[in-house]
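Below: the structure, in structure tokens.
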Amino acid sequence: MWLWVISSSLLVIFLTQLFIVYLLLKRDKRMEAEKSVEQHNKLNEPLIEQEEDKDEMRRTVELQLLRIRNAVQKQAEGIHQKEMELAPKETIIPEGTLEVIYSKEKFNTIMTFMDTFNNYLNRFWYTKNGHLKTVFPGTPDNKESEAGRLIQRSHELCHEMDILLSSLFNRS
């Protein structure tokens, strides 16, 4: 009788251990499947985040370009030194990153825009010491005076910038 009780107890212990091993194996398979899904999501997630980051960087650059254009537009109406002081002189996103987030054509458009603006600054706004001018001799009505030439060039530059911006914003 004791032999029967001991053998029954051992059988119950053996079956319990077998069931525990089965549950552990099942859990390991489930964990591997979850890990696989997690790794798959991690691989795809940076691509999504990266594209979202690119879009955000594009919007930032485009807003900067519009801000520059608006500062130049102000000069076409009259001389506003503070606008030029506050206008961005370069894009906040480095050129190497711009090359990655834009097509070659749009990257070149941005570089042309910035070069044109910086040439305008150098020609009309910077002193020999590299500071922004605060005084422009002459009157805005006299196109032969420095003030008149600045306003005239600002009109022309706005038109050029509009063409470049429309090319950049063409999303095709």
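As the structure is a prediction and not an experimental result, all values here were calculated from the model. The figures here come from the full heavy-atom set of this structure, side chains too, leaving out hydrogens, waters and symmetry mates.
The one candidate from L168, T91, I68 that meets the side chain to side chain contact (heavy atoms under 4.5 Å, CB included) condition with F113 is I68.
Closest approach of K54 to I101, counting heavy atoms only: CG-CG2, 3.4 Å. Between T109 and L164, the shortest heavy-atom distance links the atoms CG2-O, 3.3 Å. Nearest heavy atom pair, residue K89 against residue M84, reads NZ-O, 2.6 Å. Residues I151 and P140 share a closest heavy-atom pair of CD1-CB, 3.2 Å. Nearest heavy atoms, A147 versus G138: CB-O, 3.9 Å. Looking at every heavy atom in both residues, Y102 comes nearest to E62 through OH-OE2, 3.3 Å.
With no hydrogens or angles considered, a side-chain donor-acceptor pair links Y120 and S154 at under 3.5 Å.
Under the 4.5 Å side-chain heavy-atom criterion for ILVMFWY residues, no single connected hydrophobic cluster contains both V100 and I110. Taking hydrophobic clusters as Ile, Leu, Val, Met, Phe, Trp and Tyr residues chained together by side-chain heavy-atom distances below 4.5 Å, V72 does not share a cluster with I163.
E56 has no carboxylate O lying under 4.0 Å from a charged side-chain N of R59, or vice versa, which leaves the two without a salt bridge. Under 4.0 Å is where a charged nitrogen must lie from a carboxylate oxygen, and between E83 and R69 no such pair does. Between E160 and R153, at least one side-chain N (NZ, or NE/NH1/NH2) sits under 4.0 Å from a carboxylate O, which counts as a salt bridge. Using a cut-off of 4.0 Å between Lys/Arg side-chain N and Asp/Glu carboxylate O, E146 and K133 are scored as salt-bridged.
Atom CZ of R123 is separated from atom CG of L150 by 10.0 Å, given to the nearest 0.5 angstrom. Rounding to the nearest 0.5 angstrom, the gap separating the SG atom in C158 from the CD atom in Q75 is 9.0 Å. The CG atom of N119 sits 10.5 Å away from the OG1 atom of T112 when rounded to the nearest 0.5 Å. With rounding to the nearest 0.5 Å, the separation of CG in N70 from CG in L65 is 11.0 Å. Here the straight-line distance linking atom CD of E90 with atom CE of M114 works out to 7.0 Å at 0.5 Å rounding. Rounding to the nearest 0.5 Å gives a distance of 11.0 Å between CG of N108 and CG of L98.
Heavy-atom contacts from other residues, nucleotides or ligands closer than 6.0 Å to NZ of K82 number 12 or fewer. In E85, the CD atom is crowded: over 12 heavy atoms of neighbouring residues, nucleotides or ligands sit closer than 6.0 Å. When the shell of 6.0 Å around CD of E156 is examined, it contains more than 12 heavy atoms from other residues, nucleotides or ligands.
Without hydrogens or angle criteria, E99 side chain to F107 main chain gives no donor-acceptor distance under 3.5 Å. Side chain of R67 to backbone of L86: a donor-acceptor contact under 3.5 angstrom is found.
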Exercise for review: Given side-chain contact (heavy atoms from CB on, under 4.5 Å), test H131 with Y126 step by step and report yes or no.
Suggested key: CA-CA 5 Å; H131 298 14; Y126 287 132; over 6 Å; no
**Study point:** side-chain contact (heavy atoms from CB on, under 4.5 Å) evaluation trace for H155 with Q73
**Key:** CA-CA 7 Å; H155 278 289; Q73 173 62 40; 5.8 Å; no
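Aromatic rings of W125 and F117 (six-membered ring for Trp) have centroids beyond the 6.0 Å cut-off, not under it.
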